[in-house]
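Quick note on labels: first sequence line is chain A, next is B, and so on, each numbered from 1. Values below: every heavy atom of this structure, side chains too, minus hydrogens, waters and symmetry copies.
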2 protein chains.
Amino acid sequence: MDDVRVCFVGDSFVAGVGDSEFLGWTGRLASGSDGVALTAYNLGVRRQTSSDIRARWLAECAPRLPESCDGRVVFSFGVNDTTAEDGAPRVDPDVSVENLEVILREVAQRGWRVLVVGSPPIDDAEQNERTARLDRRFAEVCGSGGVEYVSVFDALVTDAVWMQQVRDGDGAHPDSGGYRAMATLVRPTWERWLTPR
Amino acid sequence: MDDVRVCFVGDSFVAGVGDSEFLGWTGRLASGSDGVALTAYNLGVRRQTSSDIRARWLAECAPRLPESCDGRVVFSFGVNDTTAEDGAPRVDPDVSVENLEVILREVAQRGWRVLVVGSPPIDDAEQNERTARLDRRFAEVCGSGGVEYVSVFDALVTDAVWMQQVRDGDGAHPDSGGYRAMATLVRPTWERWLTPR
């Protein structure tokens with residue numbers, strides 16, 4: 001079997017914050033991937049914006065994806081960009097888009113296959129509007145660059161389990177049921193994308 | 001509740017390689033820690049020696065353990081140091097000990113509470129002898145520095161599940177049952193150590 005290694009790079013949702021089973025959506029995807037010799041590295045960090053991730057992603061992925069393996073990277077970020085601080089989003093949407101574009105250029109230079117997963121909704125209607133707009137812009141960037149993109153926002157904002165667990169939690173992160181719902185949305189694309197080259 | 005964040009830093013055993021449930025011993029410890037608001041970051045990397053880990057640990061832990069949280073670090077490494085290459089271990093035991101000493105000084109300077117977990121056996125009797133010797137030296141370093149240390153070698157080398165799953169796997173890593181056994185060995189110390197300050 002091929003030696004496939006995937007780095008999941010992103011924010012607290014990638015890290016699986018709030019999941020009492022400590023799998024998150026990334027662990028659930030990985031554990032259902034029979035038939036592939038898969039190593040999964042979780043590089044989600046709380047509060048990180050696309051600018052934070054642009055600054056660190058390569059330094060963390062390089063030692064984890066040696067030449068000898070089939071290296072892949074899954075990115076998911078954006079919610080921290082759209083958080084309002086002092087009346088403005090932490091990262092301007094144009095900068096978020098630029099960060100994604102730069103990251104996609106860098107990952108292409110390394111030859112690693114890439115997948116981008118959109119941001120989920122939280123319990124804040126105004127921020128959710130900004131996140132939904134950023135989701136559409138990220139989808140355009142990926143579409144025009146031939147990069148796989150999975151949007152989860154529209155499905156999760158009407159998902160009773162996700163929204164209820166977010167409200168029952170800290171207002172942003174669900175428990176296991178919510179992460180299971182998110183993994184289910186990503187799984188079809190993930191399985192196609194994971195196929196060894 | 002306190003905001004406790006733990007970075008697990010180490011090698012492929014920390015990463016949970018071979019575990020079809022993608023939890024490893026670290027995920028199993030984290031998921032059984034009710035009553036603590038815990039964020040767990042897994043920073044295990046395949047093939048890394050104590051020298052590799054000494055070089056990267058602080059750069060990866062710093063953005064994950066901001067001042068506002070109760071930051072902790074769990075280290076576990078050594079098996080890759082004792083691997084023979086060209087007739088000698090990849091890292092000389094004196095250098096492994098020095099690496100651990102430097103790491104413990106650095107973590108003390110940052111004020112993060114630290115726990116060290118010893119290396120497990122693999123399916124190679126000669127390398128296991130070297131790992132067992134390094135385990136005793138690591139225990140001495142931690143003991144003299146007042147750092148919590150959990151040795152797992154002696155228990156796992158006679159653990160039927162661990163040794164059988166290692167043999168059934170790639171000769172080094174077990175599946176879920178082995179990682180469950182390792183988590184059980186670490187849990188008593190982990191629970192005492194995790195108590196918020």
Side-chain angles (χ1 to χ4, degrees), chain A residues 1 3-8 11-49 51-53 55-66 68-69 71 169-170 173 175-176 183, chain B residues 1 3-8 11-49 51-53 55-66 68-69 71 169-170 173 175-176 183:
Chain A
M1 278 199 298
D3 177 5
V4 179
R5 305 191 189 184
V6 179
C7 289
F8 292 93
D11 52 23
S12 56
F13 294 98
V14 171
V17 168
D19 184 355
S20 54
E21 296 177 14
F22 285 82
L23 280 166
W25 60 270
T26 70
R28 288 181 165 77
L29 284 182
S31 67
S33 305
D34 302 336
V36 177
L38 173 66
T39 302
Y41 291 119
N42 189 314
L43 297 170
V45 178
R46 299 182 73 152
R47 258 191 74 77
Q48 286 210 333
T49 64
S51 300
D52 299 321
I53 290 160
R56 76 164 163 96
W57 84 271
L58 187 52
E60 293 190 350
C61 288
R64 289 167 170 83
L65 303 177
S68 56
C69 78
D170 61 5
H173 305 97
D175 202 333
S176 306
Chain B
M1 278 200 297
D3 177 5
V4 178
R5 306 192 189 182
V6 179
C7 289
F8 292 92
D11 53 23
S12 57
F13 295 98
V14 172
V17 168
D19 185 354
S20 54
E21 296 177 13
F22 284 81
L23 279 165
W25 60 270
T26 70
R28 289 181 165 77
L29 284 183
S31 67
S33 304
D34 302 334
V36 176
L38 173 66
T39 302
Y41 291 118
N42 190 314
L43 297 170
V45 179
R46 298 182 75 152
R47 258 191 74 78
Q48 285 212 332
T49 65
S51 299
D52 298 322
I53 290 161
R56 77 163 162 96
W57 84 270
L58 186 52
E60 293 190 351
C61 288
R64 289 167 170 82
L65 303 177
S68 56
C69 78
D170 60 6
H173 305 97
D175 202 333
S176 306

Close side-chain approach of [X] to [Y], heavy-atom, < 4.5 Å:
{"X": "A:Asp52", "Y": "A:Arg47", "value": "no"}
{"X": "A:Thr26", "Y": "B:Phe22", "value": "no"}
{"X": "B:Tyr41", "Y": "A:Arg46", "value": "yes"}

My understanding is that only residues two or more places apart in sequence, or in another chain, count here; which of them pass side chain to side chain donor-acceptor pair (under 3.5 Å) with A:Arg28?
A:Asp19, A:Glu21

Evaluate the ring planes of A:Phe8 and A:Trp25, with Trp represented by its six-membered ring, and classify them as parallel (under 30°), tilted (30 to 60°) or perpendicular (over 60°).
perpendicular

Can you tell me which of A:Asp34, A:Val17, A:Asn42, A:Leu38 forms the most heavy-atom pairs within a distance under 4.5 Å of chain B?
A:Leu38

For B:Arg56 and B:Leu43, which heavy atoms make the closest approach, and how far apart are they?
NH2-O, 2.9 Å

Shortest non-hydrogen contact from A:Ala30 toward A:Ala40
CB-CB, 4.1 Å

Residues from residues 58-66 of chain B approaching chain A under 4.5 Å (heavy atoms)
B:Glu60, B:Pro63, B:Arg64

Under 4.5 Å from any heavy atom of chain B - which part of A:Val45:
both

